[in-house]
Every structure is written in C-alpha cells, then in structure tokens.
Protein chains: 2
Amino acid sequence: MVDVNSKDAASRSLETIQRQSSGDPAKPPRWDIIELLFFAYRDFVGDPDDVLDQFGFGRAHHRVVHFVHRYPGLKVADLLDVLRITKQSLGRVLKQLLDEGYIVQKSGEADRRQRLLFATAKGEALVAQLAGLQTDRINRALKDFTPVEVEAIGRFLSAMIDRNDPDKVLQVILGQASAKTDGRTNKT
Amino acid sequence: MVDVNSKDAASRSLETIQRQSSGDPAKPPRWDIIELLFFAYRDFVGDPDDVLDQFGFGRAHHRVVHFVHRYPGLKVADLLDVLRITKQSLGRVLKQLLDEGYIVQKSGEADRRQRLLFATAKGEALVAQLAGLQTDRINRALKDFTPVEVEAIGRFLSAMIDRNDPDKVLQVILGQASAKTDGRTNKT
DNA sequence: AAGATATGTCAATATGGTTGACGTAAATTC
DNA sequence: GAATTTACGTCAACCATATTGACATATCTT
C-alpha cells in the first residue's frame, strides 16, 4: 500500500477544515476529489439523457453503442468485460439496438461462434450526437487550461483506473495514453 | 485480428456526421477524456461495493449517508437537489438508514417542518471506511503529481460541473475550490 | 468422441429509479 | 383568523437495469 502521510500543500486547507469528522490524521480522506468526481460525473452523464429519452433509450444503450462504435468488431465477451455486467443484462439492451438497426453483428471468420459487433450509420449518428454534448462540456471546462495541464488531467484519470486485469478495450486506451506521453506509436 | 479494419473509415464518417449535426466544423469528440472518465469512475465507485454488500446496502445508501455526514443538518430537500432523485426514491433508502441507526433526524428550530439529518457514530464509521478506500485510490493516482498539477486536476473537475442552479452543497464545494485557488468568487 | 468455449435464452428476483395522488403539520399570506 | 403554500411522508403502480441459476446450441480444441 501507499504512504499517505504526506499531503499536498495545495489541498491542505480544505482537508484541515474537514478533518474534525474522521479523526484519522494518518490518512485524511480526499473529500474534495471524492465529491468533485461525484458532481462532475453526475453532470457529465446527465447531458445525454434528454437525447436518449427521445430515442426511447437509457444510459445502458448509450454505453453499449458507444463502445461498439469506438471499437468496431468488439465481441460480446469484450463488452461484458468493459461494462462489468452479466450477459443476461446486456442481452436485452443489445437486442433492442440490433432490432432497431443501431448495431449489426457478423460471425467471426477465425471463430464462427463469436458475434462481432459493428455500429451502423444510424448508430454512429447517435453516438456522435451524444459525444458532441459531452465534448462541449469538456471543451468548456478545458478552455483556459494549458496543454501541459490537460496532459496531467488525462494522466490522473488514467491513473485512477485499475490495472489488475485490463480488458481489451482498456489496453487500447491505456496504450494510447502512454503513447502520448512517451512518444511510442501504439496504433491498432 | 480479422478483416475488420474499418476503424479509420468509421472515424472519418463519424466526424462528418459530427460536423453536420453540430454545425462546428472543427470539433473532434474528446474520446480520450470521455472514456477515461467512464473507466475512472467505474473503478472509483466500484471500490466501496464489497463493503456495502456486507452491510446490506447499495450505492444509493452510500451517497445518502456520505452527504449527510459531510454536511450535518442537511434538509431532505437539499439531499434531493444533490442526488437529483425524487423524494419517493430517497424515502426508501433514507428510511432504512434511519431504522438501522446510521442517521438521525431533528426538527428544525426556525422551521419545524424541516427534518434536519445527521449521521450517527455508526454512520460516520461507515462513511469513513468507504472514503478510506476511495482515498487510497486517489492517493495512489496522485502519488507522482506535483501540487500544481493536483490543483489543476481539481480545477478541471470543478469546471466540469454545472453552474446553472447550484444547490446548497455544491455552493459550499465550489466556494471552497475557488477559495483554494484564487480566493475570488467564480461566476463563469 | 469428448470437452471446453461463446453466445443466447427462459425464469425469477432485487435495486433503485419514475409518476401521480393524497395527507399532515407548520409556516406564510391575505 | 382563514386561506394558501411549503416541507415532508406515504401509498400504489410501474419501469429500467441489474442479479443468479439453469439450460440450449453451435463451434472450437484436444
């Protein structure tokens, strides 16, 4: 485990204010980051909700069609790893997206048991619209940040992610992130 | 890999669609931040799950007892603003936490219709345990960051949050964040 | 041929969210 | 003081999304 005895000067004042509740001076909770993450994510995922409603979809559909679009040829098993849900739960949502033509599937050539998933033009359009909303928020937030700061933000988010058993999608993402910092080209 | 290398084509057509729907020719989606946020939050909120299970609670209970502990005397209405759920939905979870002694309520003195919420020692202990897990992850992630970088990360998360109608809790958080950085009120 | 793997499906159940209607106590307004 | 509004609680129905467990089918591996 990590030594947490030293605290950053930047966050000292807030933690001092909040210290009285925990009573554990060795490991002051990072209330600031914990709560900022909560609110940031709340508003971040809230953006697409209205649009999704119009399509009769929920956040589950968004996640599925997003990753299928971004990683064409994704297998069902990959999707399960990424979303951390059961196949029964994925089944319903995926079936809707297939029936309504947002996603198509093809049998794998090497292994014909696999169902490789692809977003249709309709699916791509939906993903693009939703990503546009979220991108607007991100660009607004990053407006006055320097490239160095933006890089640090990405590095932080990346460092928050479990490395224990990274799934296929995550390996690509983390590979790209590190390629940005150390110059290695790691394209698919 | 199989013959499925339509990724470049998919990205191109996506950006075309994106331009059409948004009217902004130069607005590439921030896929990196979008997906890093997804995975970072997935793992971040995943930490407390095992502990919550042992208590027979879910993430809803965590959110409620967390904010009650952090902002003692919170009103029910405040909690509804923060969590963005309905009172019926909150009711069930809150009742459990009250019945099992994690939270108590007192009538407001100025306005006796209000039920002011407070965490008990039992509730505080639970919050502390859960916050400890998340703090460990945050400290691990921030281990090699400079104070300046940490400040930028907090500023980014803060900038991702809606300012339209900040609830009471959010005002406190944003107030502290801006006080930490420049001591001025942030009305952007 | 036997077994393992990838996926789909049926069924039951749980959690956490919704809308709508209604009730009560207390504060505010006329 | 009466009327209205506010803060909160509750009942009831419903929905979205998740779970576990069992089983089926096709296909790959040994």
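Keep in mind it's a predicted model, so treat the numbers as computed, not measured. We name chains A, B, ... by the order of the sequence lines, and we start the count at 1 in each one.
Contacts of B:Gln96 with the nucleic acid, taken as non-hydrogen atoms under 4.0 Å apart, are absent. Using a 4.0 Å heavy-atom distance criterion, A:Lys75 is classed as a sugar-phosphate-only contact.
The side chain of A:Gln88 places no N or O atom within less than 4.0 Å of a non-bridging phosphate oxygen (OP1 or OP2) of C:dA14. At the phosphate of C:dT18, OP1 or OP2 sits under 4.0 Å from a side-chain N or O atom of B:Thr86. In this model, the phosphate group of C:dA26 is approached by a side-chain N or O of B:Arg112 to a distance below 4.0 Å at OP1 or OP2.
Separating the CG atom of A:Leu117 from the C1' atom of C:dA6 is a distance of 12 Å, rounded to the nearest angstrom. Between the CD atom of A:Gln105 and the P atom of C:dA6 there is a distance of 16 Å, rounded to whole Å. As rounded to whole Å, 13 Å separates atom C1' of D:dA7 from atom NZ of B:Lys168. Across the protein-nucleic acid pair, A:Leu80 atom CG and C:dT9 atom P stand 14 Å apart, rounded to whole Å. Protein atom NZ of A:Lys106 is 23 Å distant from nucleotide atom P of D:dA26, rounded to whole Å. Rounded to an integer number of Å, the gap from A:Leu98 CG to C:dT7 P is 13 Å. In this structure, A:Gln114 atom CD and C:dA6 atom C1' are separated by 7 Å, rounded to whole Å. Rounded to a whole Å, the NZ atom of A:Lys95 is 13 Å from the C1' atom of C:dC10.
For B:Arg113, taking side-chain heavy atoms from C-beta onward, the closest of the listed nucleotides D:dG9, C:dT7, D:dT6 is D:dT6. With distances taken from any side-chain atom of B:Ile85 to the nucleotides D:dT19, D:dC11, C:dG17, the minimum falls on C:dG17. The side chain of B:Lys87 lies closest to D:dT10 when the candidates are C:dT7, C:dA26, D:dT10.
A donor and an acceptor atom never sit less than 3.5 Å apart when one is taken from the side chain of A:Arg92 and the other from the base of C:dG8. If you check distances only, the side chain of A:Arg115 never reaches the base of D:dA26 with a donor-acceptor pair under 3.5 Å.
No side-chain donor-acceptor contact under 3.5 Å links A:Lys168 to the backbone of A:Leu74. Side chain of A:Asp78 to main chain of A:Lys75: a donor-acceptor pair is present (N/O by atom type, distance under 3.5 Å, no hydrogens or angles). When atom types are taken as modelled, the side chain of B:Lys27 and the backbone of A:Thr135 share no donor-acceptor pair closer than 3.5 angstrom. Here the side chain of B:Arg42 pairs no donor or acceptor atom with the backbone of A:Leu83 at under 3.5 angstrom.
Looking only at side-chain heavy atoms (C-beta outward), B:Met160 and A:Arg137 come within less than 4.5 Å of each other.
Heavy atoms only, all atoms of each residue included: B:Val127 and B:Val65 are closest at CG2-O, 3.5 Å.
Aromatic pair B:Tyr102/B:Phe57: centroids less than 6.0 angstrom apart. Aromatic pair A:Tyr41/B:Phe44: ring centres not closer than 6.0 Å.
The stretch residues 45-64 of chain A has no heavy atom under 4.0 Å from DNA chain C, so no residue of it qualifies as close.
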